[in-house]
Protein chains: 2
Amino acid sequence: MLKNAPSTEEKIKEAARKLFVEKGFGNATTRDIAECAETNVALVNYYFRSKENLFQAVFQESFAQTFLPIAGILNDDLPLEVKIYKFVDHITELLKRAPMLPIFILSEMRGEHAPMCRAMQQAGAMEPAAGFQRQLEEEAAKGNIRPVDARQVETNLMALVLFPFLSMNILKMKHQMGDEAFNNFVDERKKIVPETILAYLRSGLG
Amino acid sequence: MLKNAPSTEEKIKEAARKLFVEKGFGNATTRDIAECAETNVALVNYYFRSKENLFQAVFQESFAQTFLPIAGILNDDLPLEVKIYKFVDHITELLKRAPMLPIFILSEMRGEHAPMCRAMQQAGAMEPAAGFQRQLEEEAAKGNIRPVDARQVETNLMALVLFPFLSMNILKMKHQMGDEAFNNFVDERKKIVPETILAYLRSGLG
DNA sequence: GTCTATAACGGGATAGAC
DNA sequence: GTCTATCCCGTTATAGAC
């Protein structure tokens, strides 16, 4: 039986994922979630003790799903240029499948939600990318790139890859794009973003 | 009387601005807002007919406050390099004073909220920056920069400037920054971001 | 484990006195 | 314009039968 029918608990979590990510904690109701999972509110509270609890579970998974790959690739043992292309390509593909994850995570982290902080630290994605920083220092020492602040470069990479998804609705309206046009738009960025990052790193080098 | 005491209506709007921006529509209550404005719920509904209505007013102002300057500067009549530096500097300073505006706007635009769309179009900030596009085409024709898609360049500029504010809480945690350190971090970007954009535009030019 | 029914509460909105 | 009191609904959560 490779394709088990999902358990009730899993159906609830699945529905919660969908609705929390789509509408946020405050705008999604347990009734919505129960209905979407084709059960009732009582079962939601049977499996997860409260709405808050269910939300934590969903948020933590979403956070890990998004930020572990980011930290992972940055600390990979790959040549700088290869790594940057791989980063942009992989994260873009990940987000094409789950385009609302970034806005979900960032919007739920407004105001210092203490519970969120715990979720993040345990995910281990909160350390600055030490491997990436070392790599940038070594390349600068070899004269291959200019000396840079790794935090800023990391921020630039994340910004260029995540922002189109964060602002997806505005982008679609502004440029009259549908889903397909939007996907093409971010696919083009698989070339543009690495070129941008690398052009900066290599600029002003004799 | 240069410094009038704010009217009740203005105090309510002010409180709504603070709480909606901080917590979002679904997590802010009319009672919160009334208390924060030092009045009562009845007056909130007296001046604005409903919570939804009050929210629209706040959102529309916030949207204009953020996106009109962006469109404005991009279509300014300035040399390309000067314009880019001005853009980054001005938007950064604007956001240092209201750092949560971007995440507020983008998070409230998840799911195609019809009312939001109207708010945006009337703000006139939804046209692609035609002046900027023409300028990039002219510069490319002159051989000063490579030929580019203006939408992509505009996206890159916005991404690099807005993203640090969108991810402010994560950045602060990840790099142990307080308010002052964060401000220094974004100030450094006033140099880094234009250099990044310009390095890309000028790369691969014989 | 699953359901129906209901308790307990909070939120948006209004009536009506001042 | 401002306030108190209240209505009414939606929401979370639980009790209890099956």
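In this text the structure is predicted, and so the values were computed from the model without any measurement. Per chain, numbering begins at 1; letters A, B, ... match sequence-line order.
B/Glu139 and B/Gln135 share no donor-acceptor pair across their side chains, judged by distance under 3.5 Å alone.
Aromatic ring pairs are classed by plane angle as parallel below 30°, tilted from 30° to 60° and perpendicular above 60°; the pair A/Phe55 and A/Phe25 is perpendicular.
The distance between atom CD of B/Glu35 and atom P of C/dG10, rounded to the nearest whole Å, is 14 Å. Atom pair B/Asn45:CG and D/dC3:P shows a separation of 14 Å (rounding to whole Å applied). Note: CD (B/Glu38) to P (D/dG1) measures 19 Å, nearest angstrom. Spacing between atom CZ of B/Phe48 and atom C1' of D/dT2 amounts to 16 Å, rounded to whole angstrom units. A straight line from NZ of A/Lys23 to C1' of D/dT11 spans 13 Å, rounded to a whole angstrom. Spacing between atom OH of A/Tyr46 and atom C1' of D/dA15 amounts to 15 Å, rounded to whole angstrom units. In this structure, B/Ile33 places its CD1 atom 8 Å from P of C/dG12, rounding to the nearest Å.
For A/Leu43, counting side-chain heavy atoms from C-beta on, the closest listed nucleotide (D/dC3, D/dT14, C/dC3) is C/dC3. Checking C/dT2, C/dC3, C/dA15 against the side-chain heavy atoms of B/Ala42 singles out C/dA15 as nearest. Candidate nucleotides D/dA13, D/dT14, C/dG12 were compared by shortest atom distance to the side chain of A/Lys51, and D/dA13 ranks first.
Put simply, A/Asn40 has a side-chain N or O that comes within less than 4.0 Å of OP1 or OP2 on C/dC3. A close approach under 4.0 Å does not occur between any side-chain nitrogen or oxygen of B/Ser50 and OP1 or OP2 of C/dG12. The phosphate of C/dT2 has neither OP1 nor OP2 within less than 4.0 Å of any side-chain N or O from A/Thr39. One finds no side-chain N or O of B/Thr8 lying less than 4.0 angstrom from the OP1 or OP2 phosphate oxygen of D/dG1.
Residue order along DNA chain C, read from the 5' end via each residue's closest nucleotide, puts A/Tyr47 first among A/Tyr47 and A/Val41. Each of A/Thr29 and A/Arg49 has a nearest nucleotide on DNA chain D; the 5'-most of these lies closest to A/Thr29.
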A/Arg189 and A/Glu195: CA distance, side-chain angles, deciding distance, salt bridge (Lys or Arg N to Asp or Glu O under 4.0 Å) verdict: CA-CA 9 Å; A/Arg189 297 179 66 77; A/Glu195 282 178 359; over 6 Å; no
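Of the inter-residue distances, the one linking A/Met173 atom CE with A/Ser167 atom OG reads 13.0 Å to the nearest 0.5 angstrom.
A salt bridge links A/Lys96 with A/Glu93: at least one charged nitrogen is closer than 4.0 Å to a carboxylate oxygen.
If you check distances only, the side chain of B/Arg31 does reach the base of C/dG12 with a donor-acceptor pair under 3.5 Å.
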